[in-house]
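Below is one structure; the comments refer to it alone.
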Amino acid sequence: IYSWMEKMDIERKYLVKDDTYKRNATAQTRNVQGFLNTHPERTVRVRIKGDNGYLTVKGLGNKSGTSRFEWEIEIQVTEATALMDICEPIILEKTRYNVPSGAHVFEVDEITGKNQGLVIAEIELDYEDEPFTKPEWLGDEVTGQIKYYNSQLSVKPFNQWKEQN
């Protein structure tokens, strides 16, 4: 039997200045994710996180890009692996670090492959203007900037940005 979850996803996204976050990381997991649909109004993601598989649908974000609909179901890893074969050609591989900061936990993603060099921190909030402690390693905020969405990194990876500048 599968379990699923529907919620309003409220998060803020930041670039990371340096790797000092690793000193406070409490967990580290390997993530592989592909996208069946990368349209910014509705993305469909397949993820393998550790020993678990997930299928996630995300809706269009609000004006600030902070909140958007999210529906997720846990699936078998074998199913997630099979779905990866029909995803967009660039599969995102990353190491995710959980880093506590005050009452919250940042998820810091070191992305490899064609997105090598891009490190992004996300924090999930209960409401949009919820205050939180900003650690020293946190860089510029990129919440709502579509090019930093994982779905868009699977279509136009970070290494192509450098080539166009």
Worked check of side chain to side chain contact (heavy atoms under 4.5 Å, CB included) between Gln152 and Thr38: CA-CA 7 Å; Gln152 298 307 301; Thr38 57; 4.2 Å; yes
Criterion side chain to side chain contact (heavy atoms under 4.5 Å, CB included) on Ile90 and Val155, from CA distance to verdict: CA-CA 7 Å; Ile90 298 173; Val155 177; over 6 Å; no
Chi angles and distances behind the side chain to side chain contact (heavy atoms under 4.5 Å, CB included) call for Leu36, Ile86: CA-CA 7 Å; Leu36 296 166; Ile86 60 170; 3.6 Å; yes
Evaluation steps, salt bridge (charged side-chain N to carboxylate O under 4.0 Å, His left out), between Lys22 and Glu110: CA-CA 11 Å; Lys22 290 182 183 180; Glu110 287 183 355; 3.0 Å; yes
Evaluation steps, side chain to side chain contact (heavy atoms under 4.5 Å, CB included), between Val99 and Thr26: CA-CA 6 Å; Val99 186; Thr26 58; over 6 Å; no
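The pair Lys13-Glu141 fails the salt-bridge criterion, with no side-chain N (NZ, NE, NH1 or NH2) lying under 4.0 Å from an Asp/Glu carboxylate O. Ion pairing between Lys58 and Glu72 fails under the 4.0 Å rule for side-chain N and carboxylate O.
Between Val108 and Val119, some side-chain heavy-atom pair lies under the 4.5 Å cut-off. For the pair Ser67/Asp9, no side-chain contact is recorded, criterion being any heavy-atom separation below 4.5 Å from C-beta on. Counting heavy atoms from C-beta outward, Leu55 and Val44 have side chains that approach closer than 4.5 Å. Contact check for Glu93 versus Arg30: side-chain heavy atoms found under the 4.5 Å cut-off. Side-chain contact between Arg42 and Leu60 is absent, with no heavy-atom pair separated by less than 4.5 Å. Proximity of Thr143 to Tyr148: side-chain heavy atoms (C-beta onward) are nowhere separated by under 4.5 Å. For the pair Glu107/Ile120, no side-chain contact is recorded, criterion being any heavy-atom separation below 4.5 Å from C-beta on.
Remark: the Asn62 side chain and the Glu128 side chain contain an N/O donor-acceptor pair separated by less than 3.5 Å. No hydrogens or angles considered: nothing links the side chains of Glu124 and His104 as a donor-acceptor pair under 3.5 Å. Using a 3.5 Å distance cut-off with no hydrogens or angles, the side chains of Gln76 and Thr78 do not pair a donor with an acceptor.
Few gaps surround NZ on Lys17; more than 12 heavy atoms of other groups in view lie less than 6.0 Å from it. Dense packing is recorded around CG of Asp85, with more than 12 heavy atoms of other residues, nucleotides or ligands lying under 6.0 Å away.
Both Val77 and Leu83 are part of a single hydrophobic cluster, where members link through side-chain heavy atoms under 4.5 Å apart. When the side chains of ILVMFWY residues are joined at heavy-atom separations under 4.5 Å, either directly or via intervening members, Leu153 and Leu15 end up in a single hydrophobic cluster. Residues Val57 and Val46 fall within the same hydrophobic cluster, defined by Ile, Leu, Val, Met, Phe, Trp and Tyr side chains chained together at heavy-atom separations under 4.5 Å.
Annotation for Ile146: hydrophobic cluster partners, listed by chain and number, are Tyr149 (ILVMFWY side-chain heavy atoms under 4.5 Å, direct or chained).
In this structure a side-chain-to-backbone donor-acceptor pair under 3.5 Å is present from Ser154 to Ser151. Side chain of Glu79 to main chain of Ile75: no donor-acceptor pair is present (N/O by atom type, distance under 3.5 Å, no hydrogens or angles). Side-chain atoms of Asn115 come within 3.5 Å of backbone N or O of Phe158 as a donor-acceptor pair. A donor-acceptor pair is defined here as one N or O able to donate and one able to accept, closer than 3.5 Å; no such pair exists between the side chain of Asp109 and the backbone of Ile111. With hydrogens and angles disregarded, a donor-acceptor distance shorter than 3.5 Å links the side chain of Trp161 to the backbone of Lys156.
Contact detail for Gly34 and Ile91: the closest heavy-atom pair is CA-CD1, 3.9 Å. Closest approach of Ala121 and Leu138 over heavy atoms only: CB-CD1, 3.9 Å. Nearest heavy atom pair, residue Thr133 against residue Ser101, reads O-OG, 2.9 Å. Contact detail for Val16 and Asp18: the closest heavy-atom pair is CG1-O, 3.1 Å.
Distance check: Gln116 CD to Lys114 NZ gives 13.0 Å after rounding to the nearest 0.5 Å. With rounding to the nearest 0.5 angstrom, the OG1 atom of Thr29 is 9.5 Å from the NZ atom of Lys94. Rounding to the nearest 0.5 angstrom, the gap separating the CD atom in Glu11 from the OG1 atom in Thr66 is 9.0 Å. The CZ atom of Arg12 lies 10.0 Å from the CD atom of Glu130; values are rounded to the nearest 0.5 Å. Rounding to the nearest 0.5 angstrom, the gap separating the CG atom in Asn31 from the NZ atom in Lys49 is 6.0 Å.
Counting only residues at least two apart or on different chains, the ring pair (Phe, Tyr, Trp, His ring centres under 6.0 Å) pairs with a member in residues 13-66 are Tyr21-Tyr97, Tyr21-Trp137.
Under the side-chain hydrogen bond (donor to acceptor under 3.5 Å, both in side chains) criterion, Arg47 pairs with Gln33, not counting sequence neighbours.
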